[in-house]
2 protein chains.
Amino acid sequence: MLSKKTQYAFRALTDLAENYGKGPIHICDIASRKNIPLKFLENILNELKKSDFLESKKGKGGGYVLKHSPKKINLAAVIRIINGPIALLPCVSLNFYRRCEDCNEENCGLRRVMAMTRDATLKILEKKTLQDILSGERLII
Amino acid sequence: MLSKKTQYAFRALTDLAENYGKGPIHICDIASRKNIPLKFLENILNELKKSDFLESKKGKGGGYVLKHSPKKINLAAVIRIINGPIALLPCVSLNFYRRCEDCNEENCGLRRVMAMTRDATLKILEKKTLQDILSGERLII
DNA sequence: TAATATCCTACCAAATTAGTAGAATAATGT
DNA sequence: ACATTATTCTACTAATTTGGTAGGATATTA
């Protein structure tokens, strides 16, 4: 399951997408509109900034802005930054690979199935973007 | 990611599948063959028994046996028992549904995408069985 | 230089995960 | 009946992760 932090991240990014083009958005506006603990949200937006999803400006008139169009930010990328691996086993993770103990990877049946589910999941999450989850959007399959 | 406990569960079930038809298998044989902490494995096999995957026999000649053929045990069912929900959000879980706060489900874009990924994942995990992950098996997609 | 807003370091509490200890119970063979 | 064997149950404990909080440092603008 996605952590609460990840759900907060999606809610905050959605808010920024809804206000895309309006200049920097205050973190406290996002926090109050989306009902997210302010100080926790600071951490989250900071991580997203470090990972190049956001730009920020300090001081009066400051705030956060999406660095790229909502159409360019895919959900898998956000999950990887805030939540971690998408695969169900470390040994099939593309971005967080770790070998599993006592397992001959070439010949591990569980690994083969988990690689399939990873692919099926990524096929969706890498295609869907922030734009696709805005509440007004119709979802085209 | 699947917990270590879940990976142990799969390894143990695989061992029981490999020895299917040979009568009760000692838990300490499974533990040593598959390198799983014995007392931890006790908990796991007990849960699997309570969930009707295994039968057990006490005393001399006792041990654990798969209650059904390895072909009948699908991976999603095992994950649900030992690991919990398969869906990425509680509000799209079929077996562990919980409403999420501050979210209008009818109109939540994230929810729609997460329902799609759940379906894609289940399509695989509910079809694949213990038999499919035995190391000798060829995986037919 | 005051006001504003992000940035950074360092905590803290609660929950979950991973594992252990030891006695109770049941089945079997002698 | 009784010793042996193996599962079952209750109850801990330690380590890690998750979900937050506090407070000062830094940068920007007016």
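Naming: A, B, ... by sequence-line order, numbering from 1 per chain.
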Note to self: Set out, in order, the CA-CA distance, both residues' side-chain angles and the distance that settles side-chain contact (heavy atoms from CB on, under 4.5 Å) for A/Ile133 and A/Lys128, then state yes or no.
What the structure shows: CA-CA 8 Å; A/Ile133 65 171; A/Lys128 294 298 172 188; 5.7 Å; no
Margin query: Please check: side-chain N/O of B/Arg98 versus main-chain N/O of B/Cys91, any donor-acceptor pairing under 3.5 Å?
Written below: no
Notebook entry, point to check: Under 3.5 Å, side chain of B/Arg11 to main-chain N/O of B/Ile36, donor-acceptor pair present?
Noted result: no
Check: In whole angstroms, how far is the P atom of C/dT17 from the CG atom of B/Leu41?
Finding: 18 Å
Checklist line | Any B/Ile44 side-chain heavy atom under 4.5 Å of B/Tyr8 side chain | finding: yes
Margin query: Can you give me the first and the last nucleotide of DNA chain D (5' to 3') that has an atom within less than 4.0 angstrom of a non-hydrogen atom in chain A?
Written below: D/dG19 to D/dT29
Next item on the list: Would you classify B/Lys5 as touching base, sugar-phosphate or nothing, given that sugar-phosphate means primed atoms plus P, OP1 and OP2, and contacts are heavy atoms under 4.0 Å?
Entry: sugar-phosphate
Item checked: Whole angstrom value for the distance that separates C1' of C/dT6 from NZ of A/Lys50 -> 12 Å
Notebook entry, point to check: Rounded to whole angstroms, how far apart are CD1 on B/Ile36 and P on C/dA18?
Noted result: 13 Å
Note to self: Any side-chain to backbone donor/acceptor pair from B/Thr6 onto B/Leu2? Under 3.5 Å, distance only.
What the structure shows: no
Notebook entry, point to check: Where along residues 21-32 of chain B does a heavy atom fall under 4.0 Å from DNA chain C?
Noted result: none
Notebook entry, point to check: In whole angstrom, what separates A/Leu16's CG from C/dT6's C1'?
Noted result: 14 Å
Checklist line | Distance, rounded to the nearest Å, where A/Ile44 contributes CD1 and C/dC7 contributes P | finding: 14 Å
Notebook entry, point to check: So, A/Ser3 versus A/Asn83: side-chain donor-acceptor pair below 3.5 Å or not?
Noted result: yes
Notebook entry, point to check: Just by modelled atom types, is the A/Leu45 backbone N or O under 3.5 Å from a matching donor or acceptor in the A/Tyr64 side chain?
Noted result: no
Item checked: In one Ile/Leu/Val/Met/Phe/Trp/Tyr side-chain cluster, 4.5 Å: A/Ile81, A/Leu16 -> yes
Item checked: Partner of B/Val92 under side-chain contact (heavy atoms from CB on, under 4.5 Å), chosen from B/Arg118, B/Met116, B/Arg112 -> B/Arg118
Next item on the list: Go through residues 55-63 of chain A and report each residue with a non-hydrogen atom lying under 4.0 Å from DNA chain C, sorted by number.
Entry: A/Ser56, A/Lys57, A/Lys58, A/Gly59, A/Lys60, A/Gly63
Next item on the list: Using atom types as modelled and distance alone, determine if a side-chain donor or acceptor of B/Asn74 lies under 3.5 Å from a backbone N or O of B/Ala77.
Entry: yes
Notebook entry, point to check: So, the side chain of A/Thr129 versus the backbone of A/Gln131: is there a donor-acceptor pair under 3.5 Å, distance only?
Noted result: yes
Next item on the list: Would you kindly give the NZ-to-C1' distance between B/Lys39 and C/dG22, to the nearest whole Å?
Entry: 7 Å
Next item on the list: Specify the separation, in whole Å, of atom CD of B/Glu42 and atom P of C/dT25.
Entry: 16 Å
Notebook entry, point to check: Which is true for A/Lys4 with a 4.0 Å heavy-atom rule: it touches a base, it touches only sugar-phosphate, or it touches nothing?
Noted result: sugar-phosphate
Next item on the list: Whole angstrom is fine here: how far is it from CZ in A/Phe40 over to P in C/dC8?
Entry: 18 Å
